[in-house]
Amino acid sequence: MRIAKTLKKRLVKWLLDPNVVKEIEFPVIKVGKNTVIVLPVGVKFSPQTEDPTPQQGLMWYRSDLDKWRYSPDGTTIKDLVVPGKSILEMTAEELASKIEAQTDIDYLALLFENVFSVDLSAKIFSKMIDLYGDTGVDKISRILSNDNISALKAIKILKSPYLSADYTQRILYKMAENKYIKGIAKILSGDAEETVMDADKTYSGVNRFYVLDLNGHVYTADGQPHVIIAYEIKDSVGTGSIVKTATGGAGGSTGTPPGKGGNGGGGLIILAYKINVPTISADGEDGENGDINDVVEVRGGNGGVGNMIVVSTDTPGEGGKGGSSTGVDNHGNGGGGGNGYIADPYGIGGSITLTTYDTLYELYLDVVKGIIDWWIVNVTGKTPTTTKDIPDIKGAGGGGGSEADGAFDCGGGGGSGGQVIIIADNVTISTITAKGGKGGNGGNEGSYDSGGGGGGGGIVYVAYVTNASISTIDVSGGTGGSGDYAGDNGTAGTYRVEAI
């Protein structure tokens, strides 16, 4: 027995000598009650559903949490951080979480420009809104406004079918709320043309340009209202102008022309990142002069109505009353037509209905949201659940001149000035006008030929973010027409140039 024990000890000692046996291979090694099983292909840990008593260096697997945990000091318990996926392996939801946690907007904009596809970007944005609501929308608005993402990539993402119309609207609305005019202008005009005018030209309705260069020519803005959306508007020559046609309320009729009232000035809305042009105007039309007639008596028609949006107590000007021997008052915001000896008010100048906002920022926001919704519907082809219209702003028409054979052939009232709303980051303009039209002069029929009243001045608002330099803004009322009884002058309207 002693010999056998001695041989066993020597055999074990010999087997454990590293100079004799370099390795020993076992099919399975089990430690404890299957807590750890060492297999040829790896180490298997027994799943745990609660944390064990911490021991320094102890590691275990929580199967209910799908987490590895360890204790570095025998007291605290920490999750073992395993290197994660690359961003190219992540789902849209995983990426949305990573992006929401990232604060470097320059870096994120570069990712969306250069790494993520259009549709993946749209899916990420959609998930960010699903998961984080307005916080996610705000971050997306900052990403799309950043210079590191191009206009074309941003537009393609917003057009993607993986981003709903309502989410597209929420993103662009947030950009407006944050006053990211540069970003909005970049997106809304980014796929439009660069236009250098080579002659005077008339445009109508809503027009988009990436760059509009007047090049010394006259841009006639027709249609009601007229909207220009651009990244930049300039005049490389220095003699160009943007002229809004008088598409406001119609001038009142007269018996036998001339003598009609002037049309009200139209509405002009411009949204751009940068504007540098000499002149922009939206004036009311002059009333026609009277002449002679052979009608027994025809009383002038009333001027058409207008609509404007204003801040606080701002108002357009009042039109002057038309001349008459009776002193009858027939003015509105458009000038009244000449009345001769008629005692009742005819040829009444049109009135303007006002929609009022407390601040210019609130007015700006409503206008830009209307433009954004137009873009979503007409450019992306999507239709949000609810949309805003671009406001139909315009001045009122002047009243028509009255007539009576052998007594009077009166002038028409001037149309009121229109409304100009300019929204830009940087704006430099020499002159902006929204003047009331002149009243027409009385004719040569008799001794009661009366002039029409001048139209009231319009409204001009310049809402800017960084800089505004405007040399002259003229919202004066039109002068009354001359005659046996002269028409009164219109009064001035209102203007504001404010940082929003």
Peer 1: Check side chain to side chain donor-acceptor pair (under 3.5 Å) between Lys127 and all other residues, then give those that pass, not counting sequence neighbours.
Peer 2: none
Peer 1: Give a yes or no on this: more than 12 heavy atoms of other residues, nucleotides or ligands lie within 6.0 Å of atom NZ of Lys438.
Peer 2: no
Peer 1: Is there a side-chain contact between Leu212 and Tyr219 (heavy atoms, below 4.5 Å)?
Peer 2: yes
Peer 1: Would you call Asp425 and Lys274 a salt bridge, using N to O less than 4.0 angstrom?
Peer 2: no
Peer 1: Is the closest side-chain heavy-atom distance between Ile473 and Thr433 below 4.5 Å?
Peer 2: no
Peer 1: State, with a plain yes or no, whether a side-chain heavy atom of Ile229 is found less than 4.5 Å away from one of Ile371.
Peer 2: yes
Peer 1: When you measure from the side chain of Ser189 to the backbone of Tyr231, do you find a donor-acceptor pair of N or O atoms at a distance under 3.5 Å?
Peer 2: yes
Peer 1: Side-chain contact, heavy-atom cut-off 4.5 Å: Ile270 with Ile275?
Peer 2: yes
Peer 1: Quick check: are there more than 12 heavy atoms from other residues, nucleotides or ligands sitting under 6.0 Å from NZ of Lys382?
Peer 2: yes
Peer 1: Sequence neighbours left out, what passes salt bridge (Lys or Arg N to Asp or Glu O under 4.0 Å) with Lys179? Give chain and number order.
Peer 2: none
Peer 1: Please list, chain by chain and in numerical order, all residues satisfying salt bridge (Lys or Arg N to Asp or Glu O under 4.0 Å) with Arg170, sequence neighbours excluded.
Peer 2: none
Peer 1: With a cut-off of 6.0 Å (strictly less than), are more than 12 heavy atoms of other residues, nucleotides or ligands near NZ of Lys153?
Peer 2: yes
Peer 1: Only pairs at least two apart or in different chains count here, so list each ring pair (Phe, Tyr, Trp, His ring centres under 6.0 Å) that has a residue in residues 357-398.
Peer 2: Tyr361-Tyr364
Peer 1: Name all residues meeting the side chain to side chain donor-acceptor pair (under 3.5 Å) criterion together with Thr385; count only those two or more places apart in sequence or in a different chain, and write none if there are none.
Peer 2: Asp166
Peer 1: Under 3.5 Å, is there a donor on one side chain and an acceptor on the other for Asp222 and Thr245?
Peer 2: yes
Peer 1: Looking at CZ of Arg62 and CD1 of Ile77, how far apart are the two atoms once the value is rounded to the nearest 0.5 Å?
Peer 2: 8.5 Å
Peer 1: Should Leu111 and Phe116 count as side-chain neighbours, where that means a heavy-atom distance under 4.5 Å?
Peer 2: yes
Peer 1: If the condition is salt bridge (Lys or Arg N to Asp or Glu O under 4.0 Å), which residues does Asp147 pass it with, not counting sequence neighbours?
Peer 2: Lys182
Peer 1: By side chain to side chain donor-acceptor pair (under 3.5 Å), which residues pair with Asn114, not counting sequence neighbours?
Peer 2: none
Peer 1: Output the distance between atom CG (Leu110) and atom CG (Asn148), rounded to the nearest 0.5 Å.
Peer 2: 4.0 Å
Peer 1: Identify which one of Ile184, Ile228, Ile421 satisfies the side-chain contact (heavy atoms from CB on, under 4.5 Å) criterion when paired with Leu271.
Peer 2: Ile184
Peer 1: Taking the side chain as C-beta and beyond, is there a heavy-atom pair between Ile470 and Val427 under 4.5 Å?
Peer 2: yes
Peer 1: For a 4.5 angstrom cut-off between non-hydrogen side-chain atoms, does Ile393 reach Ile269?
Peer 2: yes
Peer 1: Which residue pairs satisfy the side chain to side chain donor-acceptor pair (under 3.5 Å) criterion with at least one member in residues 490-500, sequence neighbours excluded?
Peer 2: Asp314-Arg496, Arg496-Glu498
Peer 1: Between Glu318 (side chain only) and Gly457 (backbone N and O only), is there a donor and an acceptor less than 3.5 Å apart?
Peer 2: no
Peer 1: Could you pull out all residues at least two apart from Asp191 that satisfy salt bridge (Lys or Arg N to Asp or Glu O under 4.0 Å)?
Peer 2: Lys159, Arg208
Peer 1: Please check this pair: side chain of Asn263 against backbone of Gly248, looking for a donor-acceptor N/O pair closer than 3.5 Å.
Peer 2: no
Peer 1: Applying side chain to side chain donor-acceptor pair (under 3.5 Å), can you list everything that pairs with Glu177, at least two apart in sequence or on another chain?
Peer 2: Lys174
Peer 1: Donor-acceptor pair, Asn302 side chain versus Ile348 backbone, under 3.5 Å?
Peer 2: yes
Peer 1: On the 0 to 90° scale, with breaks at 30° and 60°, tag the Tyr203-Phe209 ring pair as parallel, tilted or perpendicular.
Peer 2: perpendicular
Peer 1: So, does Asn333 use its side chain to make a donor-acceptor pair with the main chain of Gly317 at under 3.5 Å?
Peer 2: yes
Peer 1: If we ignore angles and hydrogens, is there a donor and acceptor under 3.5 Å between the side chains of Ser476 and Asp474?
Peer 2: yes
Peer 1: Is any side-chain heavy atom of Thr315 closer than 4.5 Å to a side-chain heavy atom of Leu354?
Peer 2: yes
Peer 1: For the residue pair Thr49 and Asp64, confirm or rule out a side-chain donor-acceptor distance under 3.5 Å.
Peer 2: no
Peer 1: Measure the spacing between CD1 of Ile422 and CG of Leu268 and express it to the nearest 0.5 Å.
Peer 2: 7.0 Å
Peer 1: Stepwise, does the side-chain hydrogen bond (donor to acceptor under 3.5 Å, both in side chains) test hold for Thr135 with Glu100?
Peer 2: CA-CA 9 Å; Thr135 301; Glu100 183 59 32; 5.3 Å; no
Peer 1: Between Gln48 and Ser63, do the side chains contain an N or O donor and an N or O acceptor separated by less than 3.5 Å?
Peer 2: no
Peer 1: Using a 3.5 Å cut-off and no angle test, enumerate the donor-acceptor pairs between side-chain atoms of residues 235-244 and protein atoms at least two apart in sequence or in another chain.
Peer 2:
| unit_1 | atom_1 | unit_2 | atom_2 | d |
| --- | --- | --- | --- | --- |
| Asp235 | OD1 | Asn215 | N | 3.0 |
| Asp235 | OD1 | Gly216 | N | 2.6 |
| Asp235 | OD1 | Val237 | N | 3.4 |
| Asp235 | OD2 | Gly238 | N | 2.9 |
| Asp235 | OD2 | Thr239 | N | 2.8 |
| Asp235 | OD2 | Gly240 | N | 2.6 |
| Ser236 | OG | Asp213 | OD1 | 3.3 |
| Ser236 | OG | Asp213 | OD2 | 2.9 |
| Ser236 | OG | Asn215 | OD1 | 3.3 |
| Lys244 | NZ | Ala221 | O | 3.2 |
| Lys244 | NZ | Gly223 | O | 2.9 |
| Lys244 | NZ | Thr247 | OG1 | 2.8 |

Peer 1: Is it true that a side-chain atom of Glu193 and a backbone atom of Thr195 form a donor plus acceptor pair closer than 3.5 Å?
Peer 2: no
Peer 1: When you measure from the side chain of Glu94 to the backbone N and O of Thr91, does any donor-acceptor pair fall under 3.5 Å?
Peer 2: yes
Peer 1: Any ring pair (Phe, Tyr, Trp, His ring centres under 6.0 Å) involving residues 137-192? Give me the pairs, sequence neighbours left out, ordered by first then second residue.
Peer 2: none
Peer 1: Can you check whether Asp138's main-chain N or O pairs, donor with acceptor, with Ser141's side chain at less than 3.5 Å?
Peer 2: yes
